[in-house]
Amino acid sequence: MSICLLISKNGRHKPINLPHLQTVVLGRSPETTIKDKKCSREQVELKADCNKGYISVKQLGVNPTSVDSEVVGKGNQVEMRSGQQLHMVNELYPYTVCFKEDPSNSQSSVGTKRPCGPASEEREFHREPPGHKVPRKTEDSTQCKHGGSTSTNTRPESQTTEKTETLGYWSQGLKASMQDPKMQVYKDDRVVVIMDKYPKAHYHWLVLPWESIPSLKTLHRGHCDLLRHMNQVADRIVQQQCPDAGLLHFRQGYHAIPSMSHVHLHVISQDFDSPWLKNKKHWNSFTTDYFIESQEVIQMLEKDGKVTVKQGTNELLKLPLCCHVCGMALSTIPQLKEHLKSHPYGRL
DNA sequence: GTTCTAGAAC
DNA sequence: GTTCTAGAAC
């Protein structure tokens with residue numbers, strides 16, 4: 001049998017044991033060292049299933065508890081797995097969850113089932129490399145050696161590592177691509193530009209910082225300059241690489257909840273003429289508010305010091321298909337593609 | 001992120 | 001019958 005530990009990411013206190021299938025209520029208390037009045041004394045109800053490798057998280061308090069960036073909502077319950085991040089309240093007091101073999105019970109493995117959830121969970125569980133189960137700062141440098149001359153890991157890499165375990169190894173693909181000279185279109189001391197491997201339009205580049213920034217939520221005010229630089233580089237790439245840059249409309253922005261780890265700025269022409277654009281998720285990720293303009297991200301950082309993704313953003317991916325230029329509704333992807341031929345430059 | 005495929009929609 | 005989508009698996 002495994003045991004489950006809830007680990008304070010900023011080391012506020014020692015890990016809290018969550019016994020198998022036992023309800024544990026946490027909140028403002030000496031146990032968590034949280035004194036913030038916004039945090040209820042009974043903020044969350046947690047129940048670990050050590051066999052299946054997840055914990056149920058129920059928000060009891062009024063103020064938002066979140067798992068990754070998604071707010072749970074009072075009375076609601078979500079599952080949280082190894083690698084995901086729980087914020088006790090108001091995006092504060094981060095925790096991760098860790099399942100590991102009970103050291104006091106090692107002999108019981110004979111005749112005792114391993115974690116036995118669905119196949120994918122089993123794989124994810126076993127993929128977790130030893131030593132990464134409890135994120136530690138000393139392990140930062142073992143991750144992802146960047147090719148740039150200024151590879152400055154200013155944040156613990158644990159978030160990146162955990163994301164791998166949640167989403168699979170494929171989610172780390174950009175880290176390899178950005179290092180691959182064959183993919184690189186441009187690089188300087190701060191950023192690299194690569195072609196999107198599966199472009200969703202005639203022109204589709206990704207601008208990535210050498211600095212390891214796992215996601216939008218890792219960004220802080222100090223990144224504003226870097227993001228402005230990414231924008232300038234993107235502008236330059238468009239001018240250099242696109243002969244009809246004057247006619248063709250481009251947008252630069254970030255996916256609110258990207259699948260791939262490592263912050264990347266999409267630079268994409270608005271023709272959306274591509275065999276790789278295949279489904280509703282592809283379309284809506286570039287044509288709804290799921291796509292956050294780069295300028296908007298920078299403004300958020302300047303104003304609030306962080307990037308906030310609105311609740312329900314994931315639902316935008318399920319919206320009906322709608323032309324990004326004229327707003328016409330189309331019922332299928334093939335019909336949409338046919339319609340797009342009437343807007344070859346992505347503008348009216 | 002993509003691929004694969006069952007089954008819904010036509 | 002074919003086309004298309006959506007969800008699981010990776």
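Being a predicted model, the structure only gives us computed values, none of them experimental. Letters go in sequence order (proteins before strands), and every chain restarts at 1.
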Checklist entry - Looking only at side chains, do T65(A) and Q43(A) share a donor and an acceptor under 3.5 Å apart? => result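 Yes - a donor-acceptor pair under 3.5 Å links their side chains.
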
Next on the checklist: For a quick check of understanding: with a heavy-atom distance under 4.0 Å over all strands, which category does I333(A) fall into, base, sugar-phosphate or nothing?
Outcome noted: sugar-phosphate

Item to check | Sole candidate of R251(A), Q252(A), H204(A) that passes side-chain hydrogen bond (donor to acceptor under 3.5 Å, both in side chains) when paired with H266(A) | outcome: H204(A)

Checklist entry - Is the centre of the Y186(A) ring less than 6.0 Å from the centre of the W205(A) ring? => result no

Checklist entry - Are Y290(A) and H255(A) near enough that their ring centres are under 6.0 Å apart? => result yes

Next on the checklist: Protein within reach of the bases, or only the backbone? For nucleotides 1-10 of chain B, mark each nucleotide 5' to 3' as B, S or -, using heavy atoms under 4.0 Å.
Outcome noted: BSS-------

Next on the checklist: Using modelled atom types and a 3.5 Å cut-off, is there a donor and acceptor pairing between side-chain atoms of H223(A) and backbone atoms of H220(A)?
Outcome noted: yes

